[in-house]
Amino acid sequence: MTETIESAARDGRPQPPREAHRRSRPRIHRAWLVAAVTFVTIIGGAAFNSLPGLLIDPLHTEFGWSRGEIGLAVSIDMALYGLTAPFAAALMDRFGIRRVVAVALTMVAAGAIASVWMTASWQLMVYWGLLVGLGTGSMAMAFAATVTNRWFVARRGLVTGILTAAGASGQLVFLPLCAWIVDEHGWRPASVTVGLASLVVVPFVWLLMRDHPADVGLAPYGGAYAAKPAPARGAARRAVRVLFDAARTGPFWLLAGAFAICGASTNGLIRTHFVPSAHDHHMPITVAASLLAVIGVFDVIGTIFSGWLTDRFDARRLLAVYYALRGISLLFLPMLMAPDVRPPMVFFIVFYGLDWVATVPPTLALCREQYGDDSAIVFGWVLASHQVGAAVVAFLGGVARDVFGSYDVVWYAAGALCAMAALMSLVIRRVPASEEPAVGR
């Protein structure tokens, strides 16, 4: 029966009778297996994101590279991570999710492992910046958005939260491990470890991932059966066209601006500079890395809960609350730094973890509300702004540390930017149900 449905979908013939289709449906919808594979894939791809903050001091010590140089390599990685995302979403429409993600995981592994033999800072920028940036960008949150849009109609907010939390789960798994490896064996074995982690995921993607529900003769979870669309040609052209269309609307710039601040205050600042900043206050690297891992624990909780909230409340107001609370917490952080872990720092870690990427489900919901079928690509461009913001702060944070001898000014500036993001979120125009973009826009 599955083969019959699959053949009918490919040939454009009518689907089998509803009764036959209902009998062939498994008790647990295949969409949940695809979501699980996506979750594991994002964890494998996110392994590398655990490294930069741990390796700033070891690379500075071994090669004499300035923190600004190392931060520049990290910023290239983050910028490409974001700028690749919208093209990756379009490439998935053209070549399929499996092919794009398998190639991306291989690129991450190649960049991470090749860095073991680097001797110059330009090589760091090629391996970490170019290869890893392109690879991780192809598995960015636009990947999660594509899977969610294709495989789910019901529970989209919840699934978005779960898949977004996968990055934090990768941080939770790899940060303590990589910190221990760096402390005991040096930075090279840690880089090889994350490279191998990416390679291990490739067979799971190839064997278990499917590009579309029609590939297995199913309707999306909570939706009606639809034949698999023909491959979309001109992926790059479509990504650029969608950008120009979205750029003519005000909500795009508000979403992109707020999300740029989101990236600056998370990936660019905390993920990259928290460990070296804590080390400046004589906190051991392994302890600081463990605190970041704890952020990952509460990030999972906060993101999934945010997805649940997004299904029920105004996404604009949720974003405003998230950004405002994040900004307040950053203003207090310089006062919490100490050689050991004290209760106020624990409170900050828990609080920041709950807020870390809680912004993603409401941001994606607003993209879907504003831009319909183009929402995954639009979200890819919004994510690009997130990573550009992260890249700028990853670089400027290192420069600020070189110039001022501390990170305090960066924490305060990021807190003020978060207040701006809260205001930008509140003024986004809500689309009435009667004006929502039509399917096939």
Side-chain angles (χ1 to χ4, degrees), residues 82 141 144-145 156-158 160-161 164-165 167-168 246-247 249-270 295 298-333 347-371 375 378-379 381-390 392-393 410-433 435-436:
M141 285 178 275
R156 276 180 172 173
L158 176 63
T160 300
T164 303
T249 66
F252 174 80
W253 293 106
L254 293 169
L255 286 167
F259 220 42
I261 294 171
C262 178
S265 56
T266 52
N267 293 351
L269 189 56
I270 295 292
I295 284 181
F298 288 95
D299 184 7
V300 172
I301 298 170
T303 307
I304 294 174
F305 184 56
S306 177
W308 183 85
L309 290 174
T310 301
D311 287 332
R312 291 161 174 80
F313 298 101
D314 187 340
R316 301 170 305 160
R317 294 178 181 176
L318 289 176
L319 283 177
V321 171
Y322 296 157
Y323 286 127
L325 293 176
R326 181 183 301 178
I328 292 170
S329 66
L330 285 172
L331 295 177
F332 283 97
L333 182 57
F347 179 80
F348 170 84
I349 292 297
V350 171
F351 185 84
Y352 211 83
L354 291 171
D355 190 80
W356 183 274
V357 286
T359 55
V360 172
T363 300
L364 181 52
L366 287 170
C367 287
R368 190 179 297 121
E369 175 185 292
Q370 298 279 343
Y371 303 106
S375 62
V378 172
F379 181 71
W381 285 113
V382 172
L383 176 63
S385 72
H386 180 282
Q387 292 307 116
V388 169
V392 170
V393 171
V410 187
W411 304 126
Y412 295 137
L417 286 173
C418 286
M420 290 179 55
L423 293 175
M424 293 167 71
S425 301
L426 282 176
V427 299
I428 295 173
R429 183 180 69 89
R430 192 70 188 268
V431 177
E435 297 180 18
E436 288 184 3

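Note that the coordinates shown come from a computational prediction; the quantities given were computed from them, not determined experimentally. Quick note: residue numbers are just sequence positions, from 1.
Between Leu423 and Tyr323, every side-chain heavy-atom pair lies at or beyond the 4.5 Å cut-off. Inter-residue side-chain proximity for Leu366 and Leu319 is flagged as met; some heavy-atom pair is nearer than 4.5 Å. Side chains of Leu331 and Tyr412 form a contact here, defined as non-hydrogen atoms less than 4.5 Å apart. In this structure, the side chains of Ile261 and Met420 come closer than 4.5 Å at one or more pairs of heavy atoms. Thr359 is not listed as a side-chain neighbour of Thr266, based on a closest heavy-atom distance of 4.5 Å or more. Between Phe347 and Val350 the shortest side-chain heavy-atom distance does not fall below 4.5 Å. Under the 4.5 Å side-chain criterion, counting only non-hydrogen atoms from C-beta, Leu330 is in contact with Tyr352.
Checked by atom type and distance alone, the side chain of Trp253 pairs as donor or acceptor with a backbone atom of Ala247 at under 3.5 Å. A donor-acceptor contact shorter than 3.5 Å is absent between the side chain of Ser306 and the backbone of Gly302.
Here the closest heavy-atom approach between residue Ala258 and residue Met424 is recorded as N-CE, 3.5 Å. Minimum heavy-atom separation, Leu333 to Ile270: CD2-CD1, 4.1 Å. Ser375 and Cys367 make their closest contact through CB-O, 3.5 Å (heavy atoms, listed as atom of the first residue, atom of the second, distance). Looking at every heavy atom in both residues, Phe379 comes nearest to Thr363 through CE1-CG2, 4.0 Å. Taking each heavy atom of Cys418 and Gly327 in turn, the nearest pair found is CB-CA, 3.5 Å. Nearest heavy-atom pair across Thr310 and Ala365 is CG2-CB, 3.5 Å.
Around the CZ atom of Phe332, the shell of radius 6.0 Å holds no more than 12 heavy atoms that belong to other residues, nucleotides or ligands. Atom CZ of Phe305 sits in a sparse spot, with 12 or fewer heavy atoms from other residues, nucleotides or ligands closer than 6.0 Å. The environment of CH2 in Trp308 is crowded: more than 12 heavy-atom neighbours from other residues, nucleotides or ligands sit within 6.0 Å.
Aromatic ring orientation, Phe252 versus Tyr371: perpendicular (interplanar angle above 60°, classes split at 30° and 60°).
Of the inter-residue distances, the one linking Ser425 atom OG with Asp314 atom CG reads 10.5 Å to the nearest 0.5 angstrom.
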